[in-house]
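Report on one structure; see the data block that follows.
All values derive from a computational prediction rather than experimental measurement.
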Amino acid sequence: MAEKIKMTTPLVEMDGDEMTRILWKMIKDELLLPYIDLKTEYYDLGLEHRNETDDQVTLDSAEATKKYGVAVKCATITPNAARMTEYHLKEMWKSPNGTIRAALDGTVFRAPIVVKGIEPCVRNWEKPITLARHAYGDVYKNTEIKVPGPGKAELVFTAKDGTEIRETIHNFTGSGILQGIHNTDESIRSFAKACFNFALDTKQDLWFATKDTISKKYDHNFKDIFQEIYDGEYKDRFEAAGIEYFYTLIDDAVARVMKAKGGFIWACKNYDGDVMSDMVSSAFGSLAMMTSVLVSPSGVYEYEAAHGTVQRHYYKYLQGEETSTNSVATIFAWTGALKKRGELDGIQELTEFADKLERATIQTIEEGKMTKDLALITSLQDVTVLNSEGFIKAVRQTFDTI
């Protein structure tokens with residue numbers, strides 16, 4: 001065995017939950033530790049530990065990411081009522097991804113990993129569609145009230161000088177629910193600039209969509225800020241690069257996307273981006289075949305798997321049953337982070353290792369060795385369906401031969 005690749009700066013490592021936590025360890029043991037003298041600053045973002053620390057560990061991991069510049073994150077549980085009981089939680093902790101996004105004020109870029117033999121469900125899609133998801137605010141930083149009975153709900157803003165803006169939301173005649181959401185002009189500007197810069201870097205058209213016809217202040221503010229920044233700073237550069245920026249309504253964008261050929265960036269608000277990235281990744285093949293990186297305005301990067309914790313497979317795993325869980329997105333979270341770390345630290349060996357591991361992963365699938373989710377949709381003939389560990393071991397075998 002050749003000498004292990006040395007690292008100079010640690011990655012921030014954020015461990016997660018359920019089946020992805022199991023895959024996380026397998027990937028490290030089989031694909032990383034034999035080849036790299038891996039340096040990480042470890043944070044356990046598993047739900048039990050978040051509960052023990054009153055979610056302080058999530059905030060600490062975000063601060064560490066600001067310090068070191070590159071993080072890699074496993075999928076984590078965002079608890080609902082059922083999880084409160086299952087994990088005996090002190091409270092229904094917020095989404096760790098939402099907390100980290102808010103702390104870093106970044107934009108999430110997600111793109112499908114395209115392999116031969118996995119054709120998109122949308123037959124006219126020829127190139128990847130990259131989702132740019134705003135990473136701050138809206139329902140991910142909301143405040144909610146369960147209204148017990150009749151009464152008046154108001155939206156109130158109190159300025160520093162004590163003056164108030166007050167609007168009636170609804171006069172309740174019975175019980176109901178309320179939700180308050182917010183965003184900031186500063187965060188929207190960061191989002192817009194990240195999208196415009198990414199479009200220029202990748203030479204792709206940029207689409208942006210909200211629902212400003214209905215949300216005439218909230219969504220319209222997003223639209224106006226994007227247009228102002230585009231006209232003031234990016235229009236000439238886009239024209240020189242031969243790429244286009246255009247705004248449309250979210251429902252129109254969905255209709256257009258289904259008939260497009262791909263090869264563009266689709267910028268969405270936080271919730272729209274959450275939903276549409278799953279739609280795009282699933283239509284390209286699998287939720288486990290999606291890269292995801294959070295990029296902050298200050299140039300901090302957090303790589304993660306875009307999918308959930310694969311709860312159903314985890315319960316099977318706990319019962320001793322065999323699982324065939326796709327680990328590709330989690331492998332690519334590690335390779336993305338290692339590649340960026342190598343790039344920032346000038347360690348070419350590390351960058352080349354990450355590139356090679358990505359090639360080995362794709363080649364393994366294209367040679368017909370894959371997990372069950374891909375075997376069900378591939379156009380390749382006589383494929384070998386591997387279990388969770390078997391696929392990771394097959395990737396290592398490919399890696400050692402290329």
Side-chain angles (χ1 to χ4, degrees), residues 7 9-17 20-21 23-24 27-28 32 38-46 49-50 55-78 93-111 113 130-137 140-141 187 190-191 193-195 197-198 201 267-268 270 273-274 277 281 290-309 328-345 350-351 354 358:
M7 292 175 65
T9 314
L11 287 174
V12 176
E13 178 186 351
M14 305 174 186
D15 209 343
D17 286 298
T20 42
R21 188 182 181 98
L23 295 176
W24 193 259
I27 290 164
K28 283 175 68 179
L32 304 178
L38 193 64
K39 282 183 187 293
T40 72
E41 188 164 297
Y42 179 86
Y43 293 86
D44 183 359
L45 266 53
H49 194 239
R50 277 186 274 144
D55 212 29
Q56 184 60 41
V57 66
T58 308
L59 295 169
D60 292 346
S61 71
E63 287 306 309
T65 304
K66 290 180 192 174
K67 177 182 175 182
Y68 292 110
V70 185
V72 58
K73 181 182 173 296
C74 184
T76 46
I77 294 168
T78 299
W93 305 110
K94 289 185 181 282
S95 157
N97 289 349
T99 300
I100 293 163
R101 287 178 202 127
L104 300 182
D105 187 25
T107 295
V108 179
F109 293 95
R110 290 180 172 169
I113 300 158
T130 301
L131 260 292
R133 175 183 170 187
H134 188 209
Y136 177 79
Y140 300 84
K141 291 286 283 182
S187 182
S190 294
F191 172 43
K193 288 185 177 183
C195 292
N197 288 333
F198 199 81
D201 287 346
C268 293
N270 210 345
D274 190 357
S277 63
S281 60
M290 194 85 163
T291 62
S292 181
V293 58
L294 175 72
V295 185
S296 85
S298 60
V300 166
Y301 299 81
E302 184 243 326
Y303 295 82
E304 60 174 337
H307 55 74
T309 56
V328 173
T330 309
I331 293 170
F332 272 65
W334 274 104
T335 56
L338 290 167
K339 207 183 298 187
K340 181 56 69 175
R341 189 74 272 164
E343 184 188 305
L344 293 176
D345 293 349
L350 197 58
T351 306
E358 288 182 3

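Atom CZ of Arg341 sits about 9.0 Å away from atom CG of Leu350, to the nearest 0.5 Å. Once rounded to the nearest 0.5 Å, the distance linking CD of Glu302 with CZ of Arg101 reads 8.0 Å. We find the NE2-CD distance between His49 and Gln56 to be 11.0 Å, quoted to the nearest 0.5 Å. Atoms CD and OG1, on Glu63 and Thr58 in that order, are 12.0 Å from each other to the nearest 0.5 Å. Atom CD1 of Ile27 sits about 7.5 Å away from atom CG of Leu32, to the nearest 0.5 Å. Ser61 OG to Glu13 CD: the interatomic distance, rounded to the nearest 0.5 Å, is 11.5 Å.
With contacts defined as side-chain heavy-atom distances shorter than 4.5 Å, the pair Leu338/Tyr303 does not qualify. For the pair Leu45/Ile100, a side-chain contact is recorded, criterion being any heavy-atom separation below 4.5 Å from C-beta on. By the 4.5 Å heavy-atom criterion applied to side chains, Thr9 and Leu344 are not counted as neighbours. Using a 4.5 Å heavy-atom threshold, the side chains of Thr107 and Phe198 count as separate. Pro96 is listed as a side-chain neighbour of Thr78, based on a closest heavy-atom distance under 4.5 Å. Residues Trp334 and Ile331 fail the side-chain proximity criterion, which asks for heavy atoms closer than 4.5 Å. At a threshold of 4.5 Å between non-hydrogen side-chain atoms, the residues Arg50 and Tyr43 do not count as touching. With a 4.5 Å cut-off on side-chain heavy atoms, Ile113 and Glu358 do not count as touching.
The backbone N or O of Trp93 sits nowhere less than 3.5 Å from a side-chain atom of Asp55 that would complete a donor-acceptor pair.
Pairing each heavy atom of Leu11 with each of Ala337, the nearest pair is CD2-O, 3.7 Å. The minimum heavy-atom distance linking Ala333 with Ala305 is given by the pair CB-N, 4.0 Å. When all heavy atoms are compared, the tightest approach of Lys141 to Lys94 is C-NZ, 4.5 Å. Nearest heavy atoms, Leu131 versus Cys268: CD1-SG, 3.8 Å. The shortest non-hydrogen separation linking Thr351 to Glu343 is OG1-N, 3.5 Å. Contact record, Ser187 with Asp105: OG-OD1, 2.9 Å, taken as the closest heavy-atom pair.
Annotation: side chain to side chain contact (heavy atoms under 4.5 Å, CB included) contacts of Val295 (sequence neighbours excluded): Phe109, Val293, Tyr301. Remark: Lys67 pairs with no residue by the side chain to side chain donor-acceptor pair (under 3.5 Å) rule, at least two apart or across chains. Qualifying ring pair (Phe, Tyr, Trp, His ring centres under 6.0 Å) partners for Tyr140, counting only residues two or more places apart in sequence or in other chains: none.
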### Task
Go through the steps to decide whether Asn270 and Arg133 satisfy the test side-chain contact (heavy atoms from CB on, under 4.5 Å), and finish with yes or no.
CA-CA 6 Å; Asn270 210 345; Arg133 175 183 170 187; 2.9 Å; yes
### Task
Before giving the answer on side-chain contact (heavy atoms from CB on, under 4.5 Å), spell out for Lys73 and Leu294 the whole-Å C-alpha distance, their side-chain angles and the decisive distance to 0.1 Å.
CA-CA 11 Å; Lys73 181 182 173 296; Leu294 175 72; over 6 Å; no
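Side-chain polar atoms of Thr20 and His307 form no donor-acceptor pair below 3.5 angstrom.
When each of Thr330, Asp44, Thr309 is tested with Arg21 by the rule side chain to side chain donor-acceptor pair (under 3.5 Å), just one qualifies, namely Asp44.
Salt bridge annotation for Arg110-Glu304: present, with a cationic side-chain nitrogen under 4.0 angstrom from a carboxylate oxygen. Salt bridge status for Lys39 with Asp345: absent, with no side-chain N to carboxylate O gap under 4.0 Å.
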